Amino acid sequence: MNISITRESSIAIAAISGDVTHATAPEFQQCLLDELTRSKNLVLDFSELNLLTSSGLRGLLLLHRAAADGDCRLVLAAVPDAVRDVMEITGFWDQFGHYPSLAEARAALVESA
Amino acid sequence: MRIDHYPTDEIAGWRVRPGRVLPYGPTLVSGGVNFSVFSAVARGCTLVLFDKDSGRLLAEIELPDAYRVGDVWAITVFDLDPECFTYGFRIDGPNDPRAGHRCSPDTVLLDTRARAITGRDRWGATPPADETYPYRAFVVPEDFDWRGDSALKHATEDLVIYELHVRGFTRHPSSTVRHPGTYAGLVDKIPHLLELGVNCVELLPVFEFDEFELSRPNPLTGQLNMNYWGYSTVGFFAPKAGYAATGPVGMQCDEFKTMVRALHAAGIEVILDVVFNHTCEGDQRGPTISFRGFDNKTYYMLTADGSYYNFSGCGNSLNCNHPVVRAMVLECLRFWVSEYHIDGFRFDAAAILGRDPWGAPLKNPPLLESAAADPVLKKCKLIAEAWDAGGLYQLGNFPNYGRFAEWNGKFRDEVRDFLRGESGYAGSLATRLAGSPDLYQHSGRGPRASVNFITCHDGFTLRDLVSYNAKHNEANDEGNRDGADDNRSWNCGVEGDSDAPEILALRRRQSKNALLALCVARGTPMLLMGDEMGRSQGGNNNAYCHDSEMNWLDWSLAKREAELLRFTRLAIALRRRHPVLRLPWHPHGDTPGALGFAEVSWHGQEPDQPDWGSRLVAVVFAAQTVAGPDVVYFAWNSALLPTELTLPTLPSGWSWALEANTAEAAPHDVFAASEGPLLETQRLPLGAHSSVLLGARRSIEC
């Protein structure tokens, strides 16, 4: 798994590639929790995401809660169909703000920032 | 971080330590996994780890004797990634069948407490020819975002139960759900359940089972006859992966919980059909998968020479009243209630649960007593199929401790006999409508003890009950010998398919009669999946082995049978708006009800003149409710000829309003609240094979 973060004026974009699994979820969580202390708006760009397992989903949910607790906005962008499908079936989808593309996510967050 | 959470040894290349004894089974701990299993006879216990993706053996970790507490072997293994391994156990113990011991150290056994099982991840995927260990357990996160989900606590008498098979419910292409035949698919059909008005689903077995068990080619269709129903448990603590869209990625537990959460959000309770009477291991000819290898003598009822008692008809009988097995069953029930938010259980062949280790019926079976009193299970619905295949028939006498309701087989039989026009059943029908006081009054149970049904997975569907005089199970490849013979069905004149409009109309009317009676009777009504739209199994009354259109609900029936669907929906609605039909006590003829009527009064063609030798039953149920008097008149004529009724008199200012009349064509066969016409006269014609329900309504403004 690889996370690369670009920070723009009001939002940060974290591009996550590879697999978020039991092994990599702690790093995923910690890195993005850190980012939430710096940026009020965070887009998770999933376009290069390959796999999100049960542990990964839980890490994502915890991030979502941390964002809400800290009055931050966290949204998902470009979620691959297979990942979205699993998220919907296992009950992890409907609480997330999500956008089909990074551009739309960025636009939405910038607008309301 | 616990002060005792660090490795103390290295075995087979893995850092380990003595594990935590409780809870049994696998537990995720920080940096590793804890395992705990027990056996009264094991001399040695080895944890066997496999790579999850390749199945390749990772390690055989022999547990030191020091890791053993009593009969329990527990070990914590560090650096284990739960997403990367599966596991099992080898138990080194006695193999002396006559003494009841059948340990098999060469076999890797499935953990009896496995929470998730791989091996049948995709329903019907052909197992590899060289499959040595079909079932391997793996470890899943047990936390879940329930979002405040809590028990719905529907009163038993308010339940309308819908018995369904998870795969059969949405597998048919006409279901148009995204993931047919799955828990996720069921969620997509919640709107149908809501519209129908049911508030409880009873799921045929969802614990992991092997659909390939006893599978064989079907001579008629060329397909494979399989273990479709699933009454043969492999793992009591694991939801079947093959019913999950995410089975192939091992997320069946989350998917199942999501389904429960969605059902609860829609106000629908979830009851599981559970099979504690036997396991998938069969008798001595069956495979050793788990229980037999851990501790055969504890888990199974055995004869003096070590053979298997077979009260289940399926090869073995789980030794439910042995203290250790009893504890496992309770642990299982508690697990599903606390971890999966299940609302109740229907116990298959429950009479076995009251037998002692040698098969003798117990007067005070510890398992049933414990289940009835258990704090975690206190609000659960507990329903017993109060018989088994060993001849123990306990309807009305099931050791219930005031908690277990029963599938009322007498309701099914006697209502069917009345439905098909048999003579001599008027009195029986009356007793069933009143909530079966003959069975449940003596113990003070009331109608809450009675789950009323006319059809269920065992036997004909409702459509087939009115279309066939005899069973047609040739496709089961048992020479049509299997399945019940006393179906008490009537084909309405032609056996099987017919185009004749009058036959079809009669069948539809008969279906409505059955559904209406089910909704009127005191007790808890249960419908079979698809009966609301005339689902047929082609006359097969024991369709346990067909993974095919025979069993899959064809959703196009909703359109073709729109009239029946509407009738079912409004009959259920009728029950909901008449609390008098749902009172949880047996009505008495000498207790005042409302509007001058007793709680119950029986009538015939004339008021207060029932003719118990006839094929006409007419009754008034009356009660004062919070919303005022609730008085209904129900009459059912199962004769070949129409009749005419004089209605009982209501006080001035009140009239009878028509709410259902199966003799009429839609939309006059059933009415939504307050929409039915007020009857102007005291005379009411009632057609042949027809039933009516009237409600007392104020006819002038007061």
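Convention: sequence-line order gives letters A, B, ...; per-chain numbering from 1. Remember, it's a predicted structure, so these values are computed and weren't measured experimentally. Hydrogens, waters and symmetry mates play no part in the numbers below; they use all other heavy atoms, side chains included.
- Between chain A and the options B:K257, B:Q252, B:R178, B:M259, heavy-atom pairs under 4.5 Å are most frequent for B:R178.
- Residue A:D81 qualifies as open at atom CG: its count of foreign heavy atoms under 6.0 Å is 12 or below.
- The candidate from A:L51, A:L57, A:T21 with the greatest count of non-hydrogen atom pairs under 4.5 Å with chain B is A:T21.
- With hydrogens and angles ignored, the 3.5 Å screen pairs a side-chain donor or acceptor of B:W336 with a backbone N or O of B:F236.
- For the pair A:V75/A:V43, a side-chain contact is recorded, criterion being any heavy-atom separation below 4.5 Å from C-beta on.
- Counting non-hydrogen atoms of other residues, nucleotides and ligands closer than 6.0 Å to CD of A:E48 gives a total of 12 or fewer.
- Along residues 186-194 of chain B, no residue comes nearer than 4.5 angstrom to chain A, judged on non-hydrogen atoms.
- Between the side chain of B:R115 and the backbone N or O of B:R113 there is at least one donor-acceptor pair closer than 3.5 Å.
- Residues B:T258 and A:I89 fail the side-chain proximity criterion, which asks for heavy atoms closer than 4.5 Å.
- B:H341 and B:W146 have their aromatic ring centers within a separation under 6.0 angstrom.
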